[in-house]
Amino acid sequence: GSSSSTDSTSTTDTTTVTPASTTVPITKGPLLMATAVDSSSPVKTGTQIDGTNKYTFTGDITYPITVTGGYVDVNDNGIVDEGDYSFKGKLSSYSTVVTPITTYLGDTSKDAGKTKLDALKTLAGITSDDDLLKNDPSETNGNVLALVASIYQSYPALMDSDTTNDETTEGNSDLSTKFADYKSVISQGAFEGETVKQKMIRVEQQLRNTSSGITIIEATPIAPSFIL
């Protein structure tokens, strides 16, 4: 997947290795220019790798990671331009990728999170935990992309900026219905040789066009230096 640790440094005890950095993809559609922080005190802030949805944290990460702001790069071209839109919600993760899936799952080392993980794997026909917890959705498959979109639409309160309403209602039948809808979007528009990233672009266009309360950029590309 996209997650990686690089340039490890060791103490005098060669059994102790501290990662110099960890790269974390952030995808609700690729997120550019977002604020990504861990739960350290003081917090560590991820630095976006230019032109990507990947953010680098130096040293150990204290989970969960929380992500706010930024822009959804609908056409996945690495810049904020026409057709993209500002992200006004929040995402979180206890792992090395941040998506609506990880936001919904919470801490999968706990029983509640593990139960949700197993249910999502069953719904989507997925066997690998990593496809939901570690890999960037754009590098997995269409079923993961359909989960990202359907969870985002099924649990809006979980991913808005209000932190007082984050409880999910289990057994949400809307999720399985929306998952089937997005699987259909993916299959009906498929073309020979289509990549997972191209599928992601189509899903994000559909999600953008059917969501309310978003502001779509209509003109000149936005350079990071022009945004306060």
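The structure displayed is predicted, hence computed values, not measured ones.
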Problem set entry | salt bridge (charged side-chain N to carboxylate O under 4.0 Å, His left out) partners for D130, two or more places apart |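 Not a single residue meets the salt bridge (charged side-chain N to carboxylate O under 4.0 Å, His left out) criterion with D130.
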Exercise. Who passes salt bridge (charged side-chain N to carboxylate O under 4.0 Å, His left out) against K114, sequence neighbours left out?
Worked result: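 Applying salt bridge (charged side-chain N to carboxylate O under 4.0 Å, His left out) to K114 gives D118.
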Compare every heavy atom of [Y] with every heavy atom of [X], then report the nearest pair and how far apart it is.
X    : Y    : answer
A34  : G69  : CB-O, 3.5 Å
D60  : D38  : O-OD2, 4.1 Å
Y85  : I216 : CB-CA, 4.0 Å
P137 : V97  : CD-CG2, 4.3 Å
N143 : A124 : ND2-O, 2.7 Å
K90  : A157 : NZ-O, 4.4 Å

For this session: Any chance you could lay out the side-chain contact (heavy atoms from CB on, under 4.5 Å) test for Y71 and I217, step after step, and finish with the verdict?
Result: CA-CA 10 Å; Y71 293 82; I217 296 169; 3.9 Å; yes
Exercise. Passes side-chain contact (heavy atoms from CB on, under 4.5 Å), Y182 versus L207? Steps please.
Worked result: CA-CA 9 Å; Y182 277 100; L207 191 60; 3.1 Å; yes
For this session: To the nearest 0.5 angstrom, please state how far the NZ atom of K116 sits from the CG atom of L132.
Result: 13.5 Å
Exercise. Got a second to check how far I126's CD1 is from I101's CD1, nearest 0.5 Å?
Worked result: 6.5 Å
Close side-chain approach of [X] to [Y], heavy-atom, < 4.5 Å:
X    : Y    : value
T99  : I26  : no
T52  : I49  : yes
T23  : Y55  : no
M200 : P30  : yes
S176 : L123 : yes

[X]: which residues meet the side chain to side chain contact (heavy atoms under 4.5 Å, CB included) condition with it, sequence neighbours left out?
X    : result
K110 : D107
N75  : D73, N77, D81, D84
F87  : K28, L31, V72, L91, Y152
I186 : L145, A146, K199, R202, V203

Could you tell me which residues satisfy side chain to side chain donor-acceptor pair (under 3.5 Å) with [X], sequence neighbours excluded, listed by chain and number?
X    : answer
D129 : K121
D76  : none
T27  : N53, D136
T215 : none

For this session: Can you run down the side chain to side chain donor-acceptor pair (under 3.5 Å) pairs that involve residues 61-70, sequence neighbours left out, and say none if there aren't any?
Result: S40-T62
Exercise. Can you list the steps and then say if L175 with Y155 is a side-chain contact (heavy atoms from CB on, under 4.5 Å)?
Worked result: CA-CA 8 Å; L175 175 58; Y155 295 96; 4.3 Å; yes
Problem set entry | F57 vs V24, side-chain contact (heavy atoms from CB on, under 4.5 Å): CA-CA, chis, key distance, verdict | CA-CA 8 Å; F57 289 83; V24 178; 3.9 Å; yes
[Y] backbone acceptor or donor facing [X] side chain under 3.5 Å:
X    : Y    : answer
S21  : T58  : no
S154 : I151 : no
S93  : S95  : yes
S184 : A180 : no
R208 : G83  : yes
Q198 : T195 : yes

Problem set entry | Crowding at CG, D111 (>12 non-hydrogen neighbours, <6.0 Å) |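 Count not over threshold, so no.
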Exercise. Same cluster or not: are I201 and L32 linked, directly or through other Ile, Leu, Val, Met, Phe, Trp or Tyr residues, by side-chain heavy atoms under 4.5 angstrom apart?
Worked result: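 In one cluster with I201: L32, no.
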Exercise. Going by side-chain heavy atoms closer than 4.5 Å, which hydrophobic residues are tied to V37, directly or by a chain of links?
Worked result: V43
